[in-house]
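Here's the structure we're looking at; comments come further down.
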Amino acid sequence: MNHNIPQHVAIVMDGNGRWAKSRLMPRPFGHKKGVESVRRAVKFCVNNGVRYLTIFAFSSENWKRPKKEVSLLMSLLMKTLKKEALELQEQGVSVQIIGNRLGFSQDLQDTFDTIEQQTKEGSRLHLSIAANYGGRWDITQACQQLAKQVKEGGLEPEAITEKVIANTITSKGVPDPDLFIRTGGEVRISNFLMWQLAYTELYFCDTLWPDFDDKAFSLALQSYADRQRRFGKTGDQLTGDSNA
Ligand code: FPP
């Protein structure tokens, strides 16, 4: 394993449906298998020193899927969070749900609160589960909060800096992702962490999410380790070349 481990990895877990279809099984079967991959990825992060993991469990656009699939995903989310809470706690994982919770049933909202409370002392890995999440929604809700503060007189418009915005989006307190992974062969961001991904290294692979194992995760980390992150500077500036 390489030494240059990303502090924060964000993942779009794509390909569950196709994984199931290729086995002549219904799509929900792929989502159930996908949960096993989530469990494996969390363990991988804990064991390899990744400190933050953000996964896209349900996008604000996923409501458009067939009703049956939406309700399967809801019950899978609920069951998994209840079932895994203790194990996550024991592994030192703190869980946070990011997204518009108001779209979920009261039962599910209560489950979110419970797991966040139960795991809040976890300090090895911070797991953010994006549910009913959209990057544009996140920026919009931050704008609304800040506009309200301006209207009430508590904030000058000029005081709205990038830092203030970063502290108003739902991932506040979590550093921006170093590495973005999308499985399943599509090469797009799909309205994931739009603000947070500005300088993130992007990694796309064809592996379908249920097949994304430790070896596949290691390959992504290796690709990350081989890159030079410049943040707008020149390569020579970073390597200390005096003629840069
Ligand atoms: C994308 O595959 C996957 C999703 C929309 C849902 C991801 C959810 C899980 C892995 C399980 C629930 C998560 C937790 C944290 C318990 P797709 O259905 O778009 O696949 P396709 O592109 O092959 O159709």
Side-chain angles (χ1 to χ4, degrees), residues 9-46 52-89 91 93-101 103-105 107-109 111-116 118-119 122 125-135 137 170 180-193 204-213 216-217:
V9 177
I11 309 183
V12 173
M13 313 178 286
D14 201 7
N16 294 342
R18 277 166 287 159
W19 186 91
K21 222 173 153 195
S22 71
R23 285 162 178 76
L24 305 178
M25 297 296 281
R27 295 174 55 84
F29 182 67
H31 294 312
K32 283 182 196 157
K33 247 344 218 199
V35 173
E36 286 176 30
S37 269
V38 172
R39 200 180 290 122
R40 190 165 54 213
V42 167
K43 276 209 179 108
F44 181 91
C45 288
V46 169
Y52 301 87
L53 174 66
T54 302
I55 53 174
F56 211 176
F58 193 82
S59 78
S60 30
E61 288 77 31
N62 285 153
W63 297 108
K64 295 177 199 150
R65 293 191 172 203
K67 245 182 162 172
K68 232 173 130 184
E69 183 170 340
V70 171
S71 87
L72 177 279
L73 280 167
M74 292 299 126
S75 75
L76 204 55
L77 196 54
M78 177 115 98
K79 266 195 222 151
T80 306
L81 293 180
K82 284 185 173 164
K83 195 167 148 232
E84 301 293 329
L86 190 62
E87 163 124 26
L88 288 166
Q89 195 183 359
Q91 285 187 84
V93 179
S94 63
V95 178
Q96 184 193 7
I97 314 296
I98 59 169
N100 187 355
R101 295 175 184 230
F104 293 107
S105 68
D107 245 15
L108 203 40
Q109 291 185 45
T111 306
F112 293 163
D113 292 341
T114 306
I115 194 161
E116 284 178 346
Q118 198 177 340
T119 62
L125 174 72
H126 184 84
L127 172 65
S128 301
I129 301 175
N132 195 18
Y133 181 87
W137 165 82
T170 53
F180 164 96
I181 298 172
R182 182 178 187 136
T183 63
E186 309 287 358
V187 187
R188 51 177 172 259
I189 308 282
S190 294
N191 197 19
F192 199 21
L193 308 158
F204 300 91
C205 63
D206 290 335
T207 311
L208 303 175
W209 178 247
D211 291 328
F212 191 80
D213 56 11
F217 209 150

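One is the number of the first residue; the rest follow in order along the sequence. Keep in mind it's a predicted model, so treat the numbers as computed, not measured. Both counts, for ligands and for their atoms, begin at 1 and track the order of listing. No hydrogens, no waters, no symmetry mates; every other heavy atom, side chains included, goes into these values.
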> Is there a heavy atom in Gly184 that sits closer than 4.0 Å to ligand 1?
Replying inline: no

> Do the charged groups of Lys33 and Glu36 touch, with an N to O distance under 4.0 Å?
Replying inline: yes

>> Suppose I only count heavy atoms of Val35 and a 4.0 Å limit; which atoms of ligand 1 are within that range?
In response: 11 (C)

>> Using modelled atom types and a 3.5 Å cut-off, is there a donor and acceptor pairing between side-chain atoms of Arg182 and backbone atoms of Arg188?
In response: yes

>> Heavy-atom pairs closer than 4.0 Å: do any link ligand 1 to the side chain of Thr80, the backbone, both, or neither?
In response: side chain

> Asn62 heavy atoms, cut-off 4.0 Å: which ligand 1 atoms fall inside?
Replying inline: 5 (C)

> Is the shortest N/O to N/O distance between Asp14 and ligand 1 below 3.5 Å?
Replying inline: yes

> Checking Arg40 side chain against Pro210 main chain: does a donor-acceptor pair fall under 3.5 Å?
Replying inline: yes

>> Tell me every residue that passes ring-ring contact (aromatic ring centres under 6.0 Å, His included) with Phe212, counting only those two or more places apart in sequence or in another chain.
In response: Trp209, Phe217

>> If you define the side chain from C-beta out and look only at heavy atoms, does anything of Arg65 sit under 4.5 Å from Arg27?
In response: yes

> Nearest to atom 9 (C) of ligand 1, what protein heavy atom do you find, and at what distance?
Replying inline: Asn16 ND2, 3.9 Å

>> Please list the nearest protein heavy atom to atom 4 (C) of ligand 1 with its residue and the distance rounded to 0.1 Å.
In response: His31 CE1, 4.0 Å

>> Suppose we measure from atom 15 (C) of ligand 1 to each protein heavy atom; which comes out shortest, and what is that distance?
In response: Ile55 CD1, 3.8 Å

> Under 3.5 Å, side chain of Gln96 to main-chain N/O of His126, donor-acceptor pair present?
Replying inline: no

>> Looking at Val35, is its backbone amide N or carbonyl O close enough to the side chain of Arg39 to form a donor-acceptor pair, meaning the two atoms are under 3.5 Å apart?
In response: no

> Would one find an N or O of Ile129, backbone or side chain, under 3.5 Å from an N or O of ligand 1?
Replying inline: no

>> Which of the numbered atoms in ligand 1 are under 4.0 angstrom from any heavy atom belonging to Met13?
In response: 1 (C), 2 (O), 3 (C), 7 (C), 10 (C)

> Looking only at heavy atoms, is any part of Arg65 under 4.0 Å from ligand 1, and if so is it the side chain, the backbone, or both, or is it neither?
Replying inline: side chain

> Any side-chain heavy atom of Val12 sitting closer than 4.5 Å to one from Phe180?
Replying inline: yes

>> Can you report which non-hydrogen protein atom sits closest to atom 23 (O) of ligand 1, along with the distance?
In response: Arg18 N, 2.7 Å

Pair up each side-chain donor or acceptor in residues 72-82 with any protein partner under 3.5 Å, not counting sequence neighbours, and list the distances.
unit_1 : atom_1 : unit_2 : atom_2 : d
Ser75  : OG     : Leu72  : O      : 3.2
Thr80  : OG1    : Leu76  : O      : 2.5

> Hey, is Glu186 touching ligand 1 through its side chain, its backbone, both or neither, going by heavy atoms under 4.0 Å?
Replying inline: neither

>> Using only atom types and a distance under 3.5 Å, with no angle test, would you say the side chain of Ser60 pairs donor to acceptor with the backbone of Tyr133?
In response: yes

>> Evaluate Gly17 for polar contact with ligand 1, using N/O atom pairs at a separation under 3.5 Å.
In response: yes

>> Using a 4.0 Å cut-off to any heavy atom of Arg27, which atoms of ligand 1 qualify?
In response: 17 (P), 18 (O), 24 (O)

> If you count the atoms of ligand 1 from 1 in the order shown, which ones are under 4.0 Å from a heavy atom of Ala57?
Replying inline: 6 (C), 7 (C), 8 (C)

> Is the backbone of Asn100 close enough, under 3.5 Å, to the side chain of Asn132 for a donor and an acceptor to pair up by distance?
Replying inline: yes

> Any idea which protein heavy atom is nearest atom 14 (C) of ligand 1, and the distance to it?
Replying inline: Leu77 CD1, 3.9 Å

> Where's the contact between Leu208 and ligand 1, heavy-atom distance under 4.0 Å: side chain, backbone, both or neither?
Replying inline: neither

